[in-house]
Q: 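Please read through the structure below; I'll follow up with questions.
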Amino acid sequence: MSELAWLGTSLASARPRAVAALLRYFRDLDLAEEAFQEACLRALRTWPQTGQPRDPAAWLIFVGRNVAIDTTRRLKKQEPLPPDELISDLDDAESALAEQLDNADYRDDILRLLFICCHPDLPATQQIALALRIVSGLTVKQIARAFLLNERAMEQRITRAKARIANGQVPFETPSPAERAERGAAVAAMVYLIFNEGYSASGDGAAMRAALCEEAIRLARLLLRLFPAEPEILGLTALLLLQHARAAARFDADGAIILLEDQDRTLWSRSLIAEGLALIDKALRHRQPGPYQIQAAIAALHARAARFDDTDWAQIDRLYAGLEALQPSPVVTLNRAVVVARLNGPAAGLELIEPLAPQLSGYFNFFGVKGALLQQLGRDAEAKVAFDHAIALANSAAEAAHIRLHLDRLSRPAPERGQEQETTRPLSDPGSCGRP
Amino acid sequence: MLYAILCYDSEDVVGAWTKPQEDAVMAKLGVVRDELARQGRLGPVARLLPTTAATTVRKGRDPVVLDGPFAETKEQLLGFYVVDCASLDDAIAAAQDLARASSSAGCYELRPITLFHPGTLPG
């Protein structure tokens with residue numbers, strides 16, 4: 001790996017902790033960000049000569065704070081800064097600082113930073129955009145691409161979110177244990193949504209959105225270090241790893257969707273699956289089930305099946321039933337219907353989704369599933385209507401192309417369809433973390 | 001004399017490697033490993049999953065299972081066993097057997113292995 005790549009990785013991984021500490025100090029998102037940027041520039045100049053400091057985040061916090069104080073002239077009588085070279089490694093200044101920044105301190109900083117982005121006054125998309133900007137350091141352009149918006153619109157959205165926080169009297173004090181648990185849940189939901197943005201992607205934006213999945217996994221691992229014994233955080237991390245393990249197999253070279261049953265399972269990432277299975281194993285020992293753990297357990301059953309035919313549908317159905325009980329949602333029921341159709345035939349699946357129509361009238365996957373089930377029952381005319389609805393609601397070219405494939409099959413004479421028709425499965429990936 | 005070479009690094013940094021970065025590092029390490037193997041000097045090689053996947057079993061009359069990574073830096077890593085286990089519960093049972101057999105204080109940390117080469121050294 002080149003030296004610059006090493007530095008880049010190191011700076012990115014120090015970012016949440018450093019920005020969080022600078023924010024605690026300055027209580028101003030923009031100023032904290034600028035201070036971090038400046039510290040990074042200095043690091044790029046200094047570290048190649050002196051070597052990377054033992055604690056890069058502490059170095060960046062120290063330099064960033066001094067630089068910002070210096071430039072804003074908040075303090076008139078400033079001690080002259082020591083040259084950066086003198087505060088690199090094993091230096092007294094740094095070790096004293098590292099001691100100040102004890103674990104509890106910076107842990108709460110990151111939590112606070114993530115929590116500010118999760119401010120309940122902000123709509124979910126603004127929360128995610130702000131978190132990607134502040135915590136992950138993605139550029140406005142990258143975020144705009146991920147949300148399929150133009151850069152200007154995204155810039156406005158982030159500026160608005162920042163202004164709201166500035167006016168919103170966001171508390172900066174250390175959260176109590178009870179608040180911590182609540183905040184942890186809000187932050188976990190945000191990480192889940194960031195992942196979803198990436199996971200739902202296909203076609204054009206796929207590469208950029210895959211980066212969102214990786215970022216979500218990085219944040220989940222960070223959260224896991226803050227809450228190492230929290231079963232739901234273990235479950236969330238496991239879920240993201242297991243879902244992302246299939247990334248290379250989910251689309252063909254042209255960006256077309258490949259269904260779970262047709263995926264080349266040798267393309268699944270064994271190392272991500274191993275880590276995901278280890279984490280869900282650990283989570284389930286707590287005997288405190290939660291929505292993320294159940295979704296991860298479903299993903300784990302898919303990951304454990306060597307072939308599609310080995311899938312333990314009965315167990316997956318039981319898990320979906322548990323998920324429905326814990327977190328009733330039409331999207332969960334829709335996914336369960338796919339499993340029920342596997343177990344008890346398409347009519348049973350259809351029966352389960354019919355009551356969902358009013359709630360899911362704008363959801364692409366609802367019409368995709370409905371069309372496929374009707375098609376399996378030979379109700380071609382109704383299937384076509386459902387597929388036409390699905391195309392109208394498709395979020396990407398790949399989704400629309402996939403539904404068109406179904407429509408092509410419908411227009412072919414019946415004998416030709418034969419076996420192929422039986423294996424036609426709805427688009428919705430069982431175990432996927434879809435949302436309406 | 002056999003030496004164990006234990007690898008320590010920042011999980012933040014290693015965990016944030018991109019696939020190409022990861023592949024580049026593993027390829028470079030592979031060259032060194034192949035050379036040691038060619039000389040007949042290589043024993044088992046293992047890579048552990050991150051400490052977030054770790055479980056700790058405390059020694060004592062009734063070995064206690066703790067969650068989360070083993071974070072007490074005062075206790076040094078003395079060596080390790082590689083045991084084939086069907087599940088975390090099996091691994092914990094094996095560690096508890098070891099803990100009962102051992103009279104000293106301390107603990108065992110259980111870390112799933114993500115990469116394993118048995119090596120070519122004769123026992």
Side-chain angles (χ1 to χ4, degrees), chain A residues 1-2 4-18 52 54-57 103 110 136 210-211 214-215 217-231 233-234 237-238 241 244 247-248 269-286, chain B residues 8-31 46-58 64-73 83-96 109-117:
Chain A
M1 203 189 314
S2 77
L4 213 61
W6 274 101
L7 279 177
T9 306
S10 189
L11 292 174
S13 75
R15 180 183 172 103
R17 195 182 135 198
Q52 185 172 300
R54 188 166 40 85
D55 187 344
N103 285 1
I110 298 173
S136 307
E214 276 155 28
E215 183 59 27
I217 288 173
R218 196 175 73 84
L219 292 174
R221 286 203 176 105
L222 183 74
L223 260 187
L224 194 54
R225 237 166 279 144
L226 304 182
F227 301 101
E230 181 53 56
I233 304 293
L234 282 162
T237 313
L241 291 166
H244 195 53
S269 163
R270 298 329 297 183
S271 64
L272 292 183
I273 288 175
E275 189 179 353
L277 292 179
L279 291 177
I280 189 63
D281 218 8
K282 210 174 134 179
L284 294 178
R285 290 189 68 258
H286 286 266
Chain B
Y8 290 95
D9 207 335
S10 159
E11 284 179 352
D12 281 344
V13 173
V14 174
W17 282 346
T18 60
K19 185 83 175 62
Q21 284 176 316
E22 163 90 23
D23 291 346
V25 174
M26 292 315 281
K28 280 190 199 163
L29 291 173
V31 173
R47 182 171 178 186
L48 307 178
L49 281 173
T51 49
T52 44
T55 308
T56 305
V57 175
R58 286 240 156 263
V64 188
V65 181
L66 297 173
D67 226 328
F70 172 71
E72 288 156 57
T73 49
V83 185
D84 188 11
C85 301
S87 70
L88 177 61
D89 287 332
D90 286 359
I92 288 173
Q96 283 172 327
E109 182 190 31
L110 278 49
R111 295 266 293 279
I113 288 176
T114 178
L115 178 142
F116 180 76
H117 290 291

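The figures here come from the full heavy-atom set of this structure, side chains too, leaving out hydrogens, waters and symmetry mates. Everything numeric in this text was worked out from a predicted model, so none of it was measured. Chain identifiers are assigned alphabetically (A, B, ...) following the order of the sequence lines, protein sequences preceding nucleic acid strands; residue numbering begins at 1 within each chain.
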Q: Where on B:I92 is there a heavy atom nearer than 4.5 Å to chain A: the side chain, the backbone, both, or neither?
A: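 For B:I92, the contact with chain A is made by the side chain alone.
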Q: With respect to B:L88, which candidate in A:D281, A:I280, A:L277 satisfies the side chain to side chain contact (heavy atoms under 4.5 Å, CB included) definition?
A: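 Exactly one pass, corresponding to A:D281.
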Q: What part of B:T114 gets closer than 4.5 Å to chain A, counting heavy atoms only: side chain, backbone, both or neither?
A: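 Looking at B:T114, just its side chain touches chain A.
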Q: Once rounded to the nearest 0.5 Å, what's the spacing between atom OG1 of B:T52 and atom CG of A:L223?
A: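 Rounded to the nearest 0.5 Å, the OG1-CG separation comes to 11.5 Å.
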Q: Show the nearest heavy-atom pair for residues B:P50 and A:E275, with the distance to one decimal.
A: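 Where B:P50 meets A:E275 most closely, the heavy atoms are CG-OE2, 3.5 Å.
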Q: Based on non-hydrogen pairs under 4.5 Å, which of A:R285, A:H286, A:R221, A:R218 is most in contact with chain B?
A: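 Most heavy-atom pairs under 4.5 Å with chain B: A:R285.
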Q: Could you pull out the closest heavy-atom pair between B:L49 and A:A278, with the gap in Å?
A: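 Closest pair (atom of B:L49, atom of A:A278, distance): CD1-CB, 3.9 Å.
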